[in-house]
A.B. asks: 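One structure is given below, represented as structure tokens, and several questions about it will come after.
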Amino acid sequence: MGDRTRLKANHLISLHDLSGEDFHGLLDLAARVKIAPSSFADALAGKSLGMIFEKSSTRTRVSFEVGMFQLGGQALFLSSRDIQLGRGEPISDTAKVLSRYVHGVMARTFAHQTVVELARHGSVPVINGLTDDLHPCQALADYFTLSEIFGGAGELKGRKIAYIGDGNNMAHSLMHGAPKVGMDIAVASPKGYQVRDSYLASAREDAAAAGTRVEVTDDPEAAASGASCVYTDVWASMGQEEEARERVRAFESFTVDGAIMARAESDAVFLHCLPAHRGEEVAAEVADGAQSRIFDQAENRLHAQKAIMIELIG
Ligand code: CP
Ligand code: NVA
């Protein structure tokens, strides 16, 4: 399973917790797992992963479940509607009990604090499969995708990623990841929907150490200017369904369309974590156009998730 030292962190809750070396180690392992999956067929033999879901999922659920199977282990889908957590069993008891059965827990929750508490009270690694605040597994897979597109992680240095849309979990994790690969990031969101100050501050700490820039603006064209990647996400995340109409109005001029893509570099690619709403945050001609890499990006969740599980649970 390679010769690098293991991740210094015991959990994957935020990309901010990873050193640059850890981050590059995961990108490198994801590439090796993708090229030679059979070499890792027994990497997690006899191990089980409990997967708690308070929210819906296609990619995260399937990539972790299939990934665990391909590594020789077992994944258990635990909807919060079906386990006692959903009926009020304390998070701390759930964490302690699951730690007696499984070798790792992946959780997708509303409150970020739920994932933090699972890690605090349990004794097995906890992987953040998305909270209201962060989506580190997606962002890691996204920088893996960009490293493939531009010819290696080392080739990302000095490039810029533009995130255009809601200052949400995706924006926060992309801001944390960019400095790890030496990229600048510009986040364009309407006023009132910008990234959270605390996450901006932690991203800027990482950027200062890496000598990169994290810029926040309300001008999508300025953000896209000179970018190698233009990224967007839904305007209303899971749990914000009731705000959807008002958000469509607020984000009116933030659709990633051909004009926005034209501001980016000529070799720029379009990424979206999915699910996408064509005609809202992205024009159909961009999502399904020549610069789009959204399905390679979705596939790479599998390889990146396998790398995370091998590092944390193996
Ligand atoms: N991108 C992502 O996390 O997708 P799912 O919500 O389908 O898991
Ligand atoms: N920001 C979106 C991401 C979905 C993968 C959400 O939280 O719903």
Side-chain angles (χ1 to χ4, degrees), residues 12-15 30 49 51-68 75 77-81 105-115 127-146 161 163-177 187-190 193-196 199 229 231-244 246-248 250-251 254-256 270-278 280-282 287 292-309:
L12 181 53
I13 293 181
S14 166
L15 294 183
L49 177 77
M51 308 191 301
I52 299 174
F53 281 92
E54 291 182 355
K55 294 171 170 171
S56 304
S57 173
T58 299
R59 283 143 288 267
T60 304
R61 176 181 175 178
V62 177
S63 59
F64 272 100
E65 196 162 330
V66 170
M68 201 60 189
F77 174 69
L78 307 170
S79 162
S80 62
R81 278 187 297 278
V105 170
M106 190 277 287
R108 166 168 288 197
T109 64
F110 288 92
H112 185 70
Q113 195 58 22
T114 304
V115 169
I127 301 168
N128 177 355
L130 179 148
T131 65
D132 286 349
D133 292 12
L134 298 173
H135 198 1
C137 294
Q138 178 72 53
L140 177 79
D142 298 336
Y143 288 107
F144 172 53
T145 300
L146 291 175
I161 176 169
Y163 174 92
I164 294 171
D166 189 25
N168 61 13
N169 43 14
M170 227 27 272
H172 295 152
S173 287
L174 288 169
M175 285 195 312
H176 284 154
V187 180
S189 318
Y193 296 94
Q194 290 185 328
V195 291
R196 194 126 19 108
Y199 293 118
C229 171
Y231 197 115
T232 190
D233 184 17
V234 290
W235 291 338
S237 285
M238 290 181 276
Q240 298 174 329
E241 289 77 6
E242 286 180 2
E243 296 173 33
E246 142 195 359
R247 283 171 170 266
V248 166
F251 285 83
F254 283 74
T255 301
V256 175
F270 171 74
L271 296 183
H272 190 312
C273 56
L274 305 180
H277 294 90
R278 289 169 177 78
E280 290 189 17
E281 74 275 4
V282 60
S292 176
R293 296 288 184 278
I294 57 176
F295 297 113
D296 295 332
Q297 180 187 7
E299 180 196 323
N300 280 338
R301 289 295 302 278
L302 174 65
H303 312 298
Q305 260 58 136
K306 287 167 77 176
I308 292 166
M309 291 191 287

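Order of appearance sets the numbers: ligands from 1, and atoms from 1 within every ligand. Predicted, not measured: the structure shown is a model, and the values here were computed from it.
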A.B. asks: Backbone or side chain, does any N or O of Arg61 fall under 3.5 Å from an N or O of ligand 1?
C.D. replies: no
A.B. asks: Under 6.0 Å from the ring centre and within 45 degrees of the ring axis: does the NZ or CZ of Arg247 meet both conditions for the six-membered ring of Tyr193?
C.D. replies: no
A.B. asks: With nothing but distance in play, are any N or O atoms of Cys273 less than 3.5 Å from an N or O of ligand 2?
C.D. replies: no
A.B. asks: Measure the acute angle between the ring planes of His112 and Tyr199, then classify it against the limits of 30° and 60° as parallel, tilted or perpendicular.
C.D. replies: perpendicular
A.B. asks: Side chain, backbone, both or neither: which part of Leu130 comes within less than 4.0 Å of ligand 1 when only heavy atoms are counted?
C.D. replies: neither
A.B. asks: Check whether any N or O atom of Leu274, backbone or side chain, sits under 3.5 Å from an N or O atom of ligand 1, and answer yes or no.
C.D. replies: yes
A.B. asks: Which one holds for Lys55 and ligand 1: side chain close, backbone close, both close, or neither close, with close meaning a heavy atom under 4.0 Å?
C.D. replies: neither
A.B. asks: Quick one: does any side-chain atom of Glu54 pair with a main-chain N or O of Ser80 as donor and acceptor, under 3.5 Å?
C.D. replies: no
A.B. asks: Polar-atom distance check: Lys55 versus ligand 2, any N or O pair below 3.5 Å?
C.D. replies: no
A.B. asks: Tell me whether ligand 2 is touched by Leu274 - counting only heavy atoms on the residue side and a distance under 4.0 Å.
C.D. replies: yes
A.B. asks: For ligand 1, which atoms sit closer than 4.0 Å to a heavy atom of Gln138?
C.D. replies: 1 (N), 2 (C), 3 (O)
A.B. asks: Flag Arg108 as yes when one of its N or O atoms lies below 3.5 Å from any N or O atom of ligand 2, and as no otherwise.
C.D. replies: no
A.B. asks: May I ask you to list the atoms of ligand 2 that are less than 4.0 angstrom from any heavy atom of Leu130?
C.D. replies: 3 (C), 4 (C), 5 (C), 7 (O)
A.B. asks: Below 4.0 angstrom, N of the basic side chain to O of the carboxylate: do Lys55 and Asp132 qualify?
C.D. replies: yes
A.B. asks: Below 4.0 angstrom from a heavy atom of Asn169, which ligand 2 atoms are there? Numbered from 1 as shown, please.
C.D. replies: 1 (N), 2 (C), 6 (C), 7 (O)
A.B. asks: Before signing off on this row, confirm whether Cys273 and ligand 1 have an N or O atom pair separated by under 3.5 Å.
C.D. replies: yes
A.B. asks: Can you check whether Cys137 reaches Ile127 side chain to side chain, under 4.5 Å on heavy atoms?
C.D. replies: yes
A.B. asks: Under 3.5 Å between any N/O of His135 and any N/O of ligand 2: does that happen in this structure?
C.D. replies: no
